[in-house]
Number of protein chains: 2
Amino acid sequence: MRTTGEIIRERREKKGLLLRHVSAQLDIDTAILSKIERGERKATREQITKLADILELDKETLLIHYLSEKILYEIQDEDLGIQALKVAEKTIKYGVTKHK
Amino acid sequence: MRTTGEIIRERREKKGLLLRHVSAQLDIDTAILSKIERGERKATREQITKLADILELDKETLLIHYLSEKILYEIQDEDLGIQALKVAEKTIKYGVTKHK
DNA sequence: GTTACATTTGACAAATATTGTCAAAAAGAA
DNA sequence: TTCTTTTTGACAATATTTGTCAAATGTAAC
């Protein structure tokens, strides 16, 4: 699975844009965008949607990548992570279709 | 699905323990434990394992509840939450059995 | 209804984590 | 080299989390 950062960098380079160009539009330093692309920092949700606009990437796809990384970050190193994910999934499905 | 807080409160009351007793063992104010039990605050991971010990609850089960709530907290209000969960699950399964 | 405790509430403080800047170092391409 | 881009790491600003405390509320016995 390609990481969110990889998707962003790939696309930025394909469009011939420099960190300088894109980070200016995001209103942050190039250092942060560099780190986001290499997975050293997490982007904010707002940055992700802006990046989708700037780089003409499908917003939903990018958001799904981003959110799933956020989820995985929460359960990193947890032996019970997979089971927690399954419980979360059941809970959300139950809540969405029924009740609450 | 019963919440983590509900499980804790139920068990504490069944054992005839007061907030005062349990919060002292956790080294926090009763106010926080009260909030945790009612879902107004999240516990820390350490508090969860201590609570399992104090209340003689199955540690794994309680942790799974706790982690799944943490996950759901991250994607609350997100339309793409379910899809993100599925991607996360696939990623973790892939990583656990193969690669990396 | 008053006393004695248990729990809850909310304002605030402390601690921790996140998000950012900046300047210097490293990497690339003439 | 020189010019430009990217990366690195120390640090600052900000936001979030975690906690205390005191007062308010709830509960039960008397």
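- Along DNA chain C, the stretch of nucleotides lying under 4.0 Å from any heavy atom of chain B spans, 5' to 3', C:dA6 to C:dG10.
- Residue B:Arg20 is in sugar-phosphate contact alone, with no base atom involved, counting any heavy-atom pair closer than 4.0 Å across all strands shown.
- A donor and an acceptor atom, one from each side chain of B:Arg45 and B:Thr49, are nowhere located under 3.5 Å apart.
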Inset, instruction - Under the salt bridge (Lys or Arg N to Asp or Glu O under 4.0 Å) rule, what do B:Lys50 and B:Asp27 come out as? Steps first, then yes or no, please. - result: CA-CA 10 Å; B:Lys50 280 188 186 167; B:Asp27 196 29; over 6 Å; no
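- Put simply, B:Gln47 has no side-chain N or O that comes within less than 4.0 Å of OP1 or OP2 on D:dT17.
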Inset, instruction - I would like to know whether B:Tyr73 and B:Lys42 meet side chain to side chain contact (heavy atoms under 4.5 Å, CB included); could you show each step before the answer? - result: CA-CA 10 Å; B:Tyr73 179 82; B:Lys42 286 178 293 179; 3.4 Å; yes
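- Ranked by how close their nearest DNA chain D nucleotide is to the 5' end, B:Ile28 and B:Tyr73 are led by B:Tyr73.
- Of the two residues near DNA chain C, B:Glu40 and A:Ile32, the one whose nearest nucleotide lies more 5' is B:Glu40.
- Each end of the helix from C:dG1-D:dC30 to C:dA30-D:dT1 gets its own axis from five base pairs, and the two axes differ in direction by 30°, given to 10 degrees.
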Legend entry - salt bridge (Lys or Arg N to Asp or Glu O under 4.0 Å) evaluation trace for B:Glu6 with B:Arg38: CA-CA 7 Å; B:Glu6 283 166 355; B:Arg38 287 170 301 111; over 6 Å; no
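- By the neighbour-count criterion of 12 heavy atoms within 6.0 Å, atom NZ of B:Lys90 is sparsely surrounded, having that number or fewer from other residues, nucleotides or ligands.
- At the heavy-atom level, B:Arg12 lies under 4.0 Å from the strands shown only through sugar-phosphate atoms.
- With the nearest nucleotide of DNA chain C identified for both B:Lys35 and B:Leu19, B:Leu19 has the one nearer the 5' end.
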